[in-house]
Amino acid sequence: MTRKDRLFPKDFLWGAATAAHQVEGNTHNQWTVWELENARSLANQAHGYLGEYAGWDDVTPEAGKPQNYISGTATDHYNRYEEDFDLLERMNMNAYRFSIEWSRVEPEEGAWNAEAINHYKQYLKELRKRNIEPMVTLFHFTLPVWFAEMGGFERRANIKYFTRFAEKVVRELGADMRYIITINEPEVYTACSYIMEMWPPAERNFFRAWRVMNNLAMAHNRTAKIIHGMNRRYKVSIAKHSLRVYPGDKAVLSRASAKVAQYFADDYFLKKVVKNCDFLGVNYYQSIRLFGYSMHNIEQPRNDLNWPMQPGDIESVLVRLYQAYKLPIIITENGLADGEDAHRRWWIEETMKGLRGAMDRGVDLRGYMHWSLTDNFEWSFGKWPRFGLAAVDYKTGKRTLRPSAVWYGKVIKKLRDL
Ligand code: BGC
């Protein structure tokens, strides 16, 4: 069978993704501080956020408790990572995306923590031992407290601290690294932190948001150049949150506003960094439908966070991004909150059809990382949304692959053995 006849190339990266703060436990960064200060108000607001949602009664017991909003020991992945790597193997995966927690590696400005560096060294070695390709994220929404206190990415002069951290990581751990994501979802970070008041520093300041976006683009460009200067074998990108934005009707206004929204959702940032990307990391979760200026998604079914589910739309997202930027693509995140595992198998099936469809239309697709390997701390929603291929019992730490994950693992094996 030739490479072309296969449904997916033999070396396709089949993996899952996580981020340090969401799973490791006992982190100390700007998020930890903020959670502790805001857990109570987040619990009080939960009904406002989710009251309209049909599943509210099911989640009330957890979503209404302040404890839900504190990451605490999370899934204790920092100590139990080998167990989590076993899950990857059980699902026949050959790739894993995770983030290195800056606040562990550099807890005080300029002071490197040898123990943390050693931890990540062992972590990477363990993945290599299992023939699992690591994909390392350097910034996944969390900042050391000292960096946040000096203004974080709001100040252009602070970018040097991030590039210094990146350089240190690559110098210390680079032997086992190849794929590097500098920044996860720069525009989501900016919008949630500086416009929507959802994440620290929970502001509503458009000017600052714009500045942070531009500084993040500069941070990526500088970091990529440094890493490439160290060795060209590193494959560097960002993880771009990508939406499909489409007009809900044929009205000129709906079509025009969909175009403008799509530009700001994707292209504004991508155009600034694409020259310094070896591939494009794409995170896809949902589509946005516009009637005139207003967003109104009528699609069903909904996931546990009340997000409409249109997994097949990933095909048009990939085709659009590939045609616009002509870079190989790796899906760096894609998934759903589904505690009952009622939709996950269907979601993955539809997604795979979309991936295959995109490849048939010429997209150079190299991999797919499902979000997430295990249940985890879902930022301002806390621990109740369940994104994991494996369920986590937060009391005992026990991991259990959900039925969809067992099925998915068999599919991956079949595709590889074809
Ligand atoms: C983020 C993850 C998050 C996921 C689900 C992405 O925006 O990168 O950290 O958990 O979406 O909301």
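Ligands are counted one by one from 1 in listed order, and the atoms in each one are counted from 1 as well.
- For ligand 1, the 4.0 Å heavy-atom shell contains residues Q22, H140, F141, N184, E185, Y285, W307, E333, W371, E378, W379, F387.
- Among residues at least two apart or in separate chains, there is no ring-ring contact (aromatic ring centres under 6.0 Å, His included) pair with a member in residues 313-357.
- Both tests pass for R244 against the ring of Y246: distance under 6.0 Å to the centre and angle within 45° of the axis.
- Centroid-to-centroid, the aromatic rings of Y194 and F206 stay 6.0 Å apart or farther.
- The cationic atom of K259 (NZ for Lys, CZ for Arg) does not lie both less than 6.0 Å from the six-membered ring centre of Y263 and within 45° of the ring axis.
- Annotation: cation-pi geometry not satisfied between R40 and Y69 (NZ/CZ under 6.0 angstrom from ring centroid, within 45° of ring axis).
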**Step-by-step side chain to side chain donor-acceptor pair (under 3.5 Å) determination, N276 to N221** = CA-CA 6 Å; N276 291 301; N221 288 333; 2.9 Å; yes
